[in-house]
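In what follows, chains carry the letters A, B, and so on, assigned in the order in which the sequence lines appear, proteins first and then strands, with residues in each chain numbered from 1.
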Protein chains: 2
Amino acid sequence: MTTKKVGTRGRPRSFDPAAAVETAQTLFQQRGYDGVGVADIGKALGITPPSFYNAFGSKAALFAQVLDSYTAGYGRFVPEALEGPGDSADAVDRLLAEAACRYATKDGIAGCLVIDGVRNSSDAEALAMIVRHKAASRDMLKARFAREHPEKADGLASIVITALNGLSASARDGASEAELMLSAKAFARAFREETRASGGPRVRVL
Amino acid sequence: MTTKKVGTRGRPRSFDPAAAVETAQTLFQQRGYDGVGVADIGKALGITPPSFYNAFGSKAALFAQVLDSYTAGYGRFVPEALEGPGDSADAVDRLLAEAACRYATKDGIAGCLVIDGVRNSSDAEALAMIVRHKAASRDMLKARFAREHPEKADGLASIVITALNGLSASARDGASEAELMLSAKAFARAFREETRASGGPRVRVL
DNA sequence: CAATTTCTATAGTGATCGCTATATAAGTCG
DNA sequence: CGACTTATATAGCGATCACTATAGAAATTG
């Protein structure tokens, strides 16, 4: 009896659903949506299928909870980096550097759940959820860049998303934090150039 | 009887194995290794499981053939871009631009099979093959960059790999060729800066 | 022709997938 | 206490996974 809410009738839960969401997040991030079975989650939580379905409804519904929790918790660094001091290029520099730190392998977890959690999945429901989350992230980036570069906000968002995609993929392939940071810094400089350029980069090599 | 080799005894094949490898490549690229079943391939080829196993041995063995064919054919653009005229930065500019073109969705296919074909897969054998192919690609990049930048060849390879990873991932997420090209050009400029820089970028904004 | 070789289809292996029908255990409430 | 409510476990659903045992069909060879 992990949860103990007074005034509730019926047999109490033998596990904490919030902790279960965290456990599931870890599993989904390690193996991807399709790579984790309901049986795996059940084993990790010490529960059997009926308890799982009574608590979460379905594997997809649990994944939705995991994604919401992920975005609201771990994923906060994105809006935080974007809304910090300085211009768009400063924000992107913070964002990519932070991503390089966070995406690097820690406790068997690497990369971003939203970016890579359902890659190659054949589950339409899970794919649709991720599409929504990615669209929301793109809108967030675009809105930030549009404040200074309304004309090319969309292109700038594409560059940042592709950079984040690359960092997450390399992290999942085992890249070290130092390796990721090198790419992050290079891409951040590329972004800064892009915010300046009309045609090519207006810089002069010394 | 697609194949007709004279002098062979026994019942002839009802399908062309080389064409089958191409068909399988398409399927693997569309849905990933785990997303394609032997039954799917059989249906696409109009054959039943015994014919499949008689010809290829196993799903993993077919995938190995697909990867070899992919690297030897489609994947030639990588060494070709690297060995063209100019310095490393010129080579990377060609490489990333070519990748942007090729990775963009065409006939339902997007991204790179080596980069994303087994992402989130739970098949150890297929994963091991991809690890080998990725290592070979990294070595190729590193060797090219080491000719001009022996000290930082490894870091430069990391940047290019992360850029390619990003382009492939964004392509699989549906990015247009124009979008990918914008990122490719930005990353190529970042790479050029990196080949010049010791500390930060030695440029002056005009 | 018959013998040999090779590929073919039908059917089914055991394992795993997400999910559930049934019954029981473990609580609160009157 | 009994009535009620909720969560639990055992067992199994149909579907799909990679793969195979068996036997027959289609070619070359003597």
Colleague: Using a 4.0 Å heavy-atom cut-off, write out nucleotides 1-14 of chain D from 5' to 3' as B (base contacted by protein), S (sugar-phosphate only) or - (no contact).
Modeller: ---SBBBSBB----
Colleague: At less than 4.0 Å, is any side-chain N or O atom of A/Tyr53 found next to OP1 or OP2 of C/dC19? Yes or no.
Modeller: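 Yes, within the criterion.
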Colleague: Taking the side chain as every heavy atom from C-beta outward, state whether B/Val114 and B/Lys134 have any atom pair closer than 4.5 Å.
Modeller: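 A side-chain contact under 4.5 Å exists here.
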Colleague: Can you establish whether the number of heavy atoms outside A/Glu151 located under 6.0 Å from its atom CD is more than 12?
Modeller: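 It does not: A/Glu151 CD has 12 such atoms or fewer within range.
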Colleague: NZ of B/Lys59 versus P of D/dT20: gap in Å, rounded?
Modeller: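 B/Lys59 atom NZ is separated from D/dT20 atom P by 14 Å.
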Colleague: Atom CD of residue position A/Glu22 - does it have more than 12 heavy atoms of other residues, nucleotides or ligands inside 6.0 Å?
Modeller: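 No, because the 6.0 Å sphere around CD of A/Glu22 holds 12 heavy atoms or fewer from other groups.
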Colleague: Would you mind reading off the distance between A/Tyr33 atom OH and C/dC17 atom C1', rounded to a whole angstrom?
Modeller: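 Checked: the OH to C1' distance equals 12 Å.
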Colleague: Over its full length, what angle do the end axes of the helix from C/dC1-D/dG30 to C/dG30-D/dC1 make, each axis taken from five pairs and the result rounded to 10 degrees?
Modeller: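 Axis-to-axis angle, ends of the helix: 10°.
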Colleague: Quick one: do B/Asp116 and B/Arg119 make a salt bridge, cutoff under 4.0 Å?
Modeller: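 Looking at B/Asp116 and B/Arg119, the cut-off is met.
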Colleague: What's the shortest heavy-atom distance between B/Ala188 and B/Leu96, and which atoms?
Modeller: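 Nearest pair, atom of B/Ala188 first, then B/Leu96: N-CD1, 3.8 Å.
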Colleague: Going through the checks in order, is the ring-ring contact (aromatic ring centres under 6.0 Å, His included) test met by A/Phe191 and A/Phe187?
Modeller: CA-CA 6 Å; A/Phe191 180 89; A/Phe187 296 161; over 10 Å; no
Colleague: CG of B/Asp34 versus P of C/dC17: gap in Å, rounded?
Modeller: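 For the pair B/Asp34 CG and C/dC17 P, the rounded distance is 12 Å.
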Colleague: Kindly confirm or rule out a cation-pi arrangement of B/Lys59 over B/Tyr53, judged by NZ or CZ under 6.0 Å from the six-membered ring centre and within 45° of its axis?
Modeller: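 Verdict for B/Tyr53: no cation-pi partner in B/Lys59.
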Colleague: Out of A/Ile159, A/Val160, A/Leu156, which residue meets the side chain to side chain contact (heavy atoms under 4.5 Å, CB included) rule with A/Leu141?
Modeller: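 Output: one option passes, namely A/Val160.
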Colleague: Could you state the CZ-P distance from A/Phe63 to C/dC19, rounded to the nearest angstrom?
Modeller: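 In whole Å, C/dC19 P and A/Phe63 CZ are 14 Å from each other.
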Colleague: Could you state the atom-to-atom distance from CZ of B/Phe56 to P of D/dT20 in whole Å?
Modeller: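 It is 16 Å, rounded to the nearest whole Å.
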Colleague: I want to confirm an ordering. Mapping B/Gly57 and B/Gly35 to their closest nucleotides on DNA chain D, which one lands closer to the 5' end?
Modeller: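 On the 5' side of the pair lies B/Gly35.
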